[in-house]
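One structure below.
Note that these values count all heavy atoms, side chains included, but never hydrogens, waters or copies made by symmetry.
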Amino acid sequence: MIKLLLVTVLIGAAAAFKCFKTAADGAVSSADCEAGTASCHSPTLNILSGMTGQEYGCGDCADEAAAGTCVECATAECNKEMKAVEFECSPYTYTDSKWTEGETKTKCFKLEGTDGKCN
């Protein structure tokens, strides 16, 4: 009886691995992964264009990881949805021992809830 209970608990724990997934309508929500899955994947932030086009899901990244458009993590629901927020940065030039702010601003992106940094 104890062995049966232990096997049931182990099977239940393996089947309970969850990741956030992108649905057909673009909504992101937590969902069960296939048995044996032990990682999740999600898009990354590009500071000049926002979130990459990678969808949220179960398992490892395909070739996108090498291209910098996908990131992997290895705990349940570790790929929570991230949103990019736009902000602007001014260009500066150093002339005659002083910095001068330019007029044409550059559009940049940061993760929601973080501080945007211009360099």
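Residues passing the side-chain contact (heavy atoms from CB on, under 4.5 Å) test with Ser30, sequence neighbours excluded: Lys18, Phe20, Glu77. Residues that satisfy the side-chain contact (heavy atoms from CB on, under 4.5 Å) test with Ser49, not counting sequence neighbours, are Asn46. When the disulfide bond (SG atoms under 2.5 Å apart) test is applied to Cys58, the partners found at least two apart in sequence or on another chain are Cys33. Residues passing the side-chain hydrogen bond (donor to acceptor under 3.5 Å, both in side chains) test with Thr22, sequence neighbours excluded: none.
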Review item, side-chain donor-acceptor pairs of residues 108-117, under 3.5 Å, at least two apart:
unit_1 : atom_1 : unit_2 : atom_2 : d
Lys110 : NZ     : Thr114 : O      : 2.5
Thr114 : OG1    : Leu111 : N      : 3.4
Thr114 : OG1    : Leu111 : O      : 2.5

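The stretch residues 71-90 participates, sequence neighbours left out, in no ring-ring contact (aromatic ring centres under 6.0 Å, His included) pair at all. Among residues at least two apart or in separate chains, side chain to side chain donor-acceptor pair (under 3.5 Å) pairs with a member in residues 81-97 are Glu81-Lys83, Ser90-Glu101, Ser90-Lys105. Residues in residues 30-62 take part in no ring-ring contact (aromatic ring centres under 6.0 Å, His included) pair, two or more places apart or across chains.
From Ser42, atom OG reaches atom NZ of Lys21 across 14.5 Å, with rounding to the nearest 0.5 Å. For the atom pair CG of Leu45 and OG1 of Thr52, the computed distance is 8.5 Å after rounding to the nearest 0.5 Å. Atom SG of Cys40 sits about 4.0 Å away from atom CG of Asn79, to the nearest 0.5 Å. To the nearest 0.5 Å, the span separating SG on Cys61 from CD on Gln54 amounts to 5.5 Å. How far OG1 of Thr44 is from CE of Met82: 7.5 Å, rounded to the nearest 0.5 Å.
SG distance check for Cys78 and Cys19: not under 2.5 Å. Sulfur atoms SG of Cys118 and Cys89 are positioned under 2.5 Å apart.
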